[in-house]
Each structure stands twice: as C-alpha cells, then as structure tokens.
Amino acid sequence: MVNQQIAQTFYRIADLLEIMGENPFRVRAYRNAARTIESLGRNLREMVEKEEDLTSLPGIGKDLADKIREIVQTGSLAKLKELERQVPPGLVELLKVEGLGPKRIKTLHDKLGITNLEELKEAAAKGEISRLPGFGKKLEGLILKGVVLAKKEGRRFKWSLAESYVTDILRHLERAPGLENLQVAGSFRRKKETVGDLDILVTAREPSLVIEHFVKFPGIRNIISKGQTRSTVILASDLQVDLRAVDSDCYGSALHYFTGSKAHNIAIRAMAQKKGLKINEYGIFRKDKRIAGREENDVFRAVNLPFIEPELRENRGEIEAAARGQLPHLIEPGHILGDLHMHTTWSDGKYSIEAMAEAAKALGYSYIAITDHSKRMAITKGLDEKRLMEQCEEIERIRQKVEGITILKGIEVDILEDGSLDLPDSALSALDMVIAAVHSKFKLSRTEQTERILRALDNPHVNILAHPTGRLIGEREGYQADMEKIMQRAKDNGCFLELNAQPARLDLNDVNLKLAKDMGLKVAISTDSHNTDSLLFMRYGINQARRGWIEPQDVINTKPLDRLLKLFRR
Ligand code: DGT
Ligand code: CA
Ligand code: CA
C-alpha cells in the first residue's frame, strides 16, 4: 500500500508549491499524478521492484517516475523536504482549516503576513480577513470555526493511511533479530477512524537489538529517543511511532494497557482495585506479587469479564455489557453479501457497469446496486430521467451476460434544497432501490437541514440515506442536522442509513452507529466506489461498524437477496 503514501506526498508537494505561488501547471501535474496513483490497481512498489516503465501510467512523466522510485526506495522524497524547509511550517498547518486552500493561504500570507493558526485566528476575530478581496464575512466566520477545529484535531492520520505505514514498518520489524511477539496497539488496534500516533509492542530475546533494527527503518525522519527497551521516532510523513519492548511475562497486560483506550483502562483498573488487585502495563498484582499478565485475556479474567474486542474498548458501556454477558457479536467482512452504492462511467465512475459487476463477483458478492448520480450533480454527468431509463435497459442486457451476481438498478438521487428529489417518482419507481443524498446547501440551519432530510425520507421510493452527516474526516465537519430525529424517521418509514466506507467519510461515525443500533435502525455498509479497486474499502466500513457495536443482523447487506428486496419494499 505504498501507493497511498506516494499520493499523499504528491498532494503535499502540490499544496506547498501552490502556497509558494509556483506555476499552476506544475501544481496540477502533481495533483493529477496523485489522483492517478490513488485509484491505481497496481502496487507501485512491485512495479518499481520489477523495473517496469512507470511513464506508461497516465500523468506520470520521467520526473514523477523518478520521484516515485525515490519514495519506494528511500521511504521519503528530497524534493518534499526541500519545500518544507522553504515554507513556514505554521503556514502548512493552515491547510487543515476548512475553507482554506493553498491559494487563499498565499493571499493571507502576502496581504496580512499570517504565518500560523494563532495569527489567522486573531485576524479573523478582528475582521481583517473579510476585508480581503474574495473573502467576505461568511468565509471569515467559517475560518474562525475552522481554526478551532484544526487545533482540536491536531495532526491525526486517517486509519487507512496509518495502515499503509503499519504495513511497511511491520515488514521491516519482522526481520529484526530475535524478535518474538509483535503487535500494533493503541488507537490503531481499536480501529479508530483517525490515529494520533502508532504504539508498537514487541517481545524479543534481546530487546536492544530490535530497537537498533527499528531505528534503521528507511521512512524515519527523526529519532526522538532510543533506549534499551523503547524508542520514539517521527516518520517523514510526520507520523510518530512509539516502540516498546516488554518481558514475555507481562506481554498480555502491556498489550491491554497500550491498546487502551485510556478511559477503558481506568475503568478496568478500578474494578481490579475493588478485588484487591493492581493492574498496569507490568502485570496483574496481588500485594506486590505478579500473579498473571502473559496473555491479554489474563487482564479480563482477573476482573471476571469475558474478552472484550479492542474496537469496543472506549468505556462506552462495554464493561457493563461484558459483565452482563451481553457483548455484541461484531460483524466481520465475511458477513457482507453485496455492495449497495457504486458509480460507473454513466456518471463519475471510472469503470463500466459490467466491470464493476465482474469485480464484485470476484469478491464473492451475490449482489450489487448500481447507483450513479442524478442530474443535479452536473459535473458528474448525473443522470436525467431519459438516461436513467437507458441505463436500466443496459443493466438488463448485462444481467444476461454476467452470471452469478445480481445487479440491482439504483440511483444516488440528490436531495434538493427543499427536500424534494432530483428525479420524479415515475423514474424512481422503475428502480430496485433508491439512495438519497445531500450534496449541496451544507450551510442551512439545523432546523432547515433536518426538515429537508426528513422530507426526503418521506418520499416512499427512498430506501437509504447516503453518508448521512456529510462530514469529511479532518476536512469538513458535515452539515448541522438532528441525527436522532432523522434516524427515528428512517426507522418509522422503513428506510435505512448508510455507513459509507470511503476512508475519508466513514459516515456514520461510531457514536451514531451505536445510536442507530440502540434504536433498532438497520444500516447499509457501502463503498460508494468510483472504481473497481475501492470495492475493497468495505473493510474500513466493517472496522467502523465494529466500533459502533454493529452485529451482522443490524446490516441489510448481510441479508440474502430475497430478504433484502423485501426490505426495499417500504
Ligand atoms: P491516539 O494515539 O491519540 O490515536 O490514541 P491512543 O489511544 O493510541 O493513545 P496514546 O498513543 O496516547 O496511548 C496509547 C495507549 O496507552 C492508550 O490508548 C492507553 C494507554 N495510556 C496512555 N496514557 C495512559 C494513562 O495515563 N493511563 C492509562 N490507564 N492508560 C494510558
Ligand atoms: Ca497512539
Ligand atoms: Ca503513543
């Protein structure tokens, strides 16, 4: 998964170049290349190792091909380091503020001398930003809110991106001399949607040899500390990695401790105290004698609980549920029988209906739904009524051709500002299922937004509400709406909410998923794929679902086709 890292590097270079006011063509070249790489089916590491011609890829010339090789071979890129030296780091931070792109950041820097979040906040508070041409009061308000959010978030990494680093680090660490156990703990193991840093735990014959080997990982920018049993490093991407070597005798309790969450740990420790036990990363103790700690389950056993899955360890009721013997049996990838949200070349997808069906079939699915955009999404070539009917005919032809998987006729229809839908009922009634989605007017008031969505759910053709909050992780907070009200209406109307598995969306989040579950509202876990590769995003959705306590019976696309179709008859 080096692809994601390379794409990330190129996006970053594009941002930096743009902040510096460099040639827009060069900026665009980096962004185009990043997009190509993100949706590439091939692994670039493999291509580099086999010395394949990278310039055969769209948008990759000789210069970018060299850069890709450099990243694969060294784990970093000299060009990026050079740019990062030239642009004040505080200025790069500003990219995290919603409403601010590199162009505007350049303007803020040139006209107001702003170089960091603090100065941005001051300028916004003083009303200086709204006086700049092209900014305005509304944007200034947005920026002020964005600053607060950006500060709170710090620099966190989407789980999927963190995973690509984990893969590389583990591949490196597995070759460490005398290594015994190796596990990534922390929020990464809990599958949290964003990860602050990585916490890796090892046991080894000779821990210092593992540490020596660890700090030779090619992707490291800074070694912050390096002792006999622990080390902290910063990768070229800014991701911090903590490595700890522990004794085998306490590996289990250390794994539990460093998996967290902190709130879960504290609650478990309090239970232990009541039993006269002490639990910490070094083991489970009675008086000062270690009585257990080799296995993670020793910790739970000590407080009379069954094993609790890492995804649940947030002290959100999992300990009480465990004590009552009522832990959920969490959903797993194998439970999913089909994918109910994907795009094709009929709108903004990259592959034909047939290619998507074949790819889904290869994953072992028994059904998919084709859900292209509707006409309001003009930039995506969204379908009007006429083209939708043509697409239905096309699906019928492909149904004859591709056996072993059922292709459902669907649409991702836009919810217009007043809550009506972008296509007439006569068109929607020809389909097997309808997804409704908000793609515009994010700034309506909470009441208006809620009413708008409720009205859409009241349309008897609507089955699923797509990416229900509209948030983009770390980029956009999502619109204001009363989720509980929306969920209740969905349930009353026989609709479902989507858990969109795109790694930047993961919308619904864990808390909302649990809310839906407790309400008895089912969800669809869907990839919203625009190409065949991203059908694999399903596992990110599964991660998120597990954090939301979701069991197979809570998910509609775990049901066989006949039962699914019954659910779509409202
Ligand atoms: P992150 O890195 O912000 O995404 O979140 P975590 O959960 O990975 O947190 P991190 O890296 O600060 O610490 C890893 C784990 O170590 C954490 O989940 C629980 C444990 N831990 C850290 N500090 C404390 C503490 O003060 N008390 C207890 N009981 N556990 C702690
Ligand atoms: Ca961590
Ligand atoms: Ca840490």
Side-chain angles (χ1 to χ4, degrees), residues 96 149-167 169-170 173 181-202 211 214-215 217 220-227 229-235 237-246 250-274 277-285 293 296 298-300 302-303 305 308-316 318-319 473-474 503-504 506 509-511 540 543-544 546-547:
K96 284 184 236 151
L149 195 69
K151 280 188 148 176
K152 195 175 68 196
E153 281 279 300
R155 177 139 170 75
R156 296 187 65 84
F157 288 70
K158 292 186 192 90
W159 190 90
S160 57
L161 183 60
E163 185 195 33
S164 76
Y165 294 109
V166 164
T167 309
I169 295 168
L170 294 191
L173 272 180
N181 291 296
L182 169 61
Q183 272 244 43
V184 185
S187 52
F188 182 80
R189 184 171 180 231
R190 303 197 313 277
K191 311 279 165 60
K192 202 168 157 174
E193 61 193 28
T194 63
V195 168
D197 68 2
L198 293 175
D199 306 280
I200 304 181
L201 207 59
V202 298
I211 303 284
F214 171 63
V215 297
F217 177 65
I220 292 176
R221 186 175 63 205
N222 272 336
I223 301 173
I224 303 290
S225 69
K226 187 186 123 203
T229 59
R230 58 174 298 179
S231 170
T232 293
V233 303
I234 309 282
L235 303 185
S237 57
D238 268 356
L239 180 60
Q240 178 177 320
V241 187
D242 294 337
L243 179 77
R244 289 183 190 76
V246 298
C250 65
Y251 178 63
S253 44
L255 181 58
H256 179 267
Y257 180 90
F258 290 113
T259 296
S261 66
K262 194 170 158 181
H264 168 93
N265 289 353
I266 290 171
I268 294 279
R269 211 166 44 205
M271 282 181 85
Q273 267 161 10
K274 282 193 199 137
L277 298 174
K278 194 172 88 191
I279 294 183
N280 59 30
E281 61 267 52
Y282 304 108
I284 297 148
F285 301 85
E296 189 173 42
D298 291 353
V299 173
F300 296 113
V303 291
L305 292 178
I308 300 176
E309 299 281 1
E311 293 91 328
L312 298 177
R313 299 184 199 167
E314 298 290 343
N315 197 26
R316 289 187 196 141
E318 75 278 9
I319 292 171
I473 296 174
L506 295 174
N509 69 14
D510 47 7
V511 172
Y540 303 132
N543 286 348
Q544 183 84 326
R546 290 170 61 88
R547 287 184 55 82

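All ligand and atom numbering here is 1-based and tracks the order in the structure.
A salt bridge does not link K192 with D510: none of the charged nitrogens is closer than 4.0 Å to a carboxylate oxygen. Between E281 and R230 there is no salt bridge, since no side-chain nitrogen of the basic residue lies less than 4.0 Å from a carboxylate oxygen of the acidic one. R189 and E296 are joined by a salt bridge, as a carboxylate oxygen and a charged side-chain nitrogen come within less than 4.0 angstrom of each other. A salt bridge between E314 and R547 is present, with a side-chain N of the basic residue lying under 4.0 Å from a carboxylate O of the acidic one.
Closest to atom 3 (O) of ligand 1, if we only count protein heavy atoms, is R156 NH1, 3.0 Å. Atom 7 (O) of ligand 1 has its closest protein heavy atom at R190 NH1, 2.9 Å. Nearest to atom 15 (C) of ligand 1 among the protein's heavy atoms is F258 O, 3.3 Å. In terms of protein heavy-atom proximity, atom 12 (O) of ligand 1 is closest to D197 OD1, 4.9 Å.
A donor-acceptor pair under 3.5 Å is absent between the side-chain atoms of R269 and the main chain of N280, judged by distance alone. For T194 (side chain) and K158 (main-chain N/O), no donor-acceptor pair under 3.5 Å exists by modelled atom type.
Within the listing of ligand 1, atoms 4 (O) sit less than 4.0 angstrom from a heavy atom of V195. Using a 4.0 Å cut-off to heavy atoms of T259, the atoms of ligand 1 that qualify are 18 (O). Near D199, meaning under 4.0 Å from any of its heavy atoms, are these atoms of ligand 1: 8 (O), 11 (O), 14 (C).
For atom 6 (P) of ligand 1, the nearest non-hydrogen atom from the set S187, G260, G196 belongs to S187.
The nearest protein heavy atom to atom 29 (N) of ligand 1 is closer than 4.0 Å. Atom 9 (O) of ligand 1 is not flagged as protein-proximal [any protein heavy atom, distance under 4.0 Å].
Only the side chain of N265 comes within contact range of ligand 1, with a heavy atom under 4.0 Å; no backbone atom does. At a 4.0 Å heavy-atom cut-off, ligand 1 touches Y257 through backbone and side chain alike. Counting heavy atoms under 4.0 Å from ligand 1, residue K192 does not touch it at all.
Residue contacts with ligand 1 include K262, since one or more of its heavy atoms lies under 4.0 Å from the ligand.
For the atom pair OH (Y257) and CD1 (I279), the distance works out to 12.5 Å, reported to the nearest 0.5 Å. Rounding to the nearest 0.5 angstrom, the gap separating the CG atom in L506 from the CD atom in E193 is 6.5 Å. For the atom pair CD1 of I200 and CZ of F188, the computed distance is 9.5 Å after rounding to the nearest 0.5 Å. Here CG of L201 is found 8.0 Å from OG1 of T259. Values are rounded to the nearest 0.5 Å.
Between N315 and A267, the shortest heavy-atom contact is OD1-CB, 3.8 Å. In this structure, R313 and E309 approach most closely via the heavy-atom pair CG-O, 3.5 Å.
A side-chain contact (heavy atoms from CB on, under 4.5 Å) with I234 is found for one member of N222, L239, D197 and no other, namely N222.
Tally of protein N, O or S atoms closer to the Ca ion (ligand 3) than 3.0 Å: 4.
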Going through the checks in order, is the side chain to side chain contact (heavy atoms under 4.5 Å, CB included) test met by H264 and H256? CA-CA 10 Å; H264 168 93; H256 179 267; 3.1 Å; yes
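For the pair G186 and ligand 1, the shortest N or O to N or O distance does not fall below 3.5 Å. For ligand 1, the polar-atom distance check finds no N/O of T194 at less than 3.5 Å from any of the ligand's N/O atoms.
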